[in-house]
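Some notes on the structure that comes next.
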Amino acid sequence: MPYVEVLAPQVPNQRKAALARSVTDGLMSAFGVTADTVTLYFLNIAPDDYAHAGTFGAQAAGQRILLKVHAFRRSEAERRAAAIALTRGVCSAYGVPGDDVAVYFLDRDRSEVSHDSKLASD
């Protein structure tokens with residue numbers, strides 16, 4: 001924990017690798033975690049699987065990239081630092097402006113997370 005879902009257009013693997021490194025580094029710095037606790041899942045979204053402001057597909061202006069960060073609750077300052085680091089990483093890896101990047105923090109209580117059948121609160 002944390003787990004990060006990356007919903008974005010398909011890019012070459014080297015760009016995904018760059019994002020994986022920058023997200024991991026950013027969360028290590030912002031949240032004080034170690035690299036072995038950070039996992040990313042890349043979900044490729046094609047232009048015809050995207051709509052914004054009521055416009056679907058290729059006609060939609062600028063496909064946005066969404067990062068969903070599943071983690072234990074952090075302070076507002078820690079989330080702000082993570083948002084900055086993650087947004088910069090996406091902008092660099094995908095060549096998009098910050099306006100096209102959204103980071104959502106999906107905070108979890110320790111009693112809502114289980115690894116190997118044990119709750120993190122145990």
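Count residues from 1 along the sequence.
- Annotation: the span from His115 atom NE2 to Thr37 atom OG1 amounts to 9.0 Å, rounded to 0.5 Å.
- Note: the hydrophobic cluster containing Leu7 does not contain Val96 (ILVMFWY, side chain heavy atoms under 4.5 Å, direct or indirect links).
- Placement of Val103 and Tyr50 in two distinct hydrophobic clusters is found when ILVMFWY residues are connected by side-chain heavy-atom separations under 4.5 Å, directly or transitively.
- Side-chain contact check for Val6 versus Lys16: every heavy-atom pair is 4.5 Å or farther apart.
- Contact between Pro97 and Cys91 at its shortest, heavy atoms only, is C-SG, 3.7 Å.
- Checked by atom type and distance alone, the side chain of Ser92 never pairs as donor or acceptor with a backbone atom of Arg88 at under 3.5 Å.
- Cluster annotation: Tyr104 is not connected to Val38 through the hydrophobic network of ILVMFWY side chains, with a link wherever side-chain heavy atoms come within less than 4.5 Å.
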**OP:** Dump the intermediate steps for side-chain contact (heavy atoms from CB on, under 4.5 Å) on Leu40 and Thr24, then the final yes or no.
**Re:** CA-CA 9 Å; Leu40 280 75; Thr24 299; 4.1 Å; yes
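- Atom CG of Asp99 sits about 10.5 Å away from atom OG1 of Thr87, to the nearest 0.5 Å.
- Remark: Arg80 engages Glu76 in a salt bridge (charged side-chain N to carboxylate O under 4.0 Å, His left out) (not counting sequence neighbours).
- Placement of Met28 and Phe72 in two distinct hydrophobic clusters is found when ILVMFWY residues are connected by side-chain heavy-atom separations under 4.5 Å, directly or transitively.
- Listed here is the closest heavy atom pair of Arg79 and Asp107: NH1-OD2, 4.1 Å.
- Here the CE atom belonging to Met1 is positioned 10.0 Å from the CZ atom belonging to Phe31, to the nearest 0.5 angstrom.
- One N or O on the side chain of Ser22 and one on the backbone of Leu19 form a donor-acceptor pair closer than 3.5 Å.
- Here the closest non-hydrogen pair linking Leu67 and Ile65 is CD1-CG2, 3.9 Å.
- Taking each heavy atom of Tyr94 and Pro9 in turn, the nearest pair found is CE2-O, 3.4 Å.
- A heavy-atom distance below 4.5 Å is not found between the side chains of Ser121 and Asp109.
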**OP:** Take Val69 and Arg74, measure what side-chain contact (heavy atoms from CB on, under 4.5 Å) needs, and give me the verdict at the end.
**Re:** CA-CA 11 Å; Val69 180; Arg74 306 288 189 210; over 6 Å; no
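- Among residue pairs with one or both ends in residues 1-10, those qualifying as side-chain hydrogen bond (donor to acceptor under 3.5 Å, both in side chains) are Glu5-His70, Gln10-Asn44; sequence neighbours excluded.
- If you chain together hydrophobic residues whose side chains sit under 4.5 Å apart, Val4 and Val11 fall into the same group.
- With a 4.5 Å cut-off on side-chain heavy atoms, Leu86 and Leu27 count as touching.
- For Arg21, the salt bridge (charged side-chain N to carboxylate O under 4.0 Å, His left out) criterion is met by Asp25, not counting sequence neighbours.
- Residues Ser111 and Leu119 come closest through the heavy atom pair O-CD2, 3.5 Å.
- Counting heavy atoms from C-beta on, the side chains of Leu66 and Arg64 never come closer than 4.5 Å.
- The structure places CG of Asp122 at 11.5 Å from CZ of Arg110, a figure rounded to the nearest 0.5 Å.
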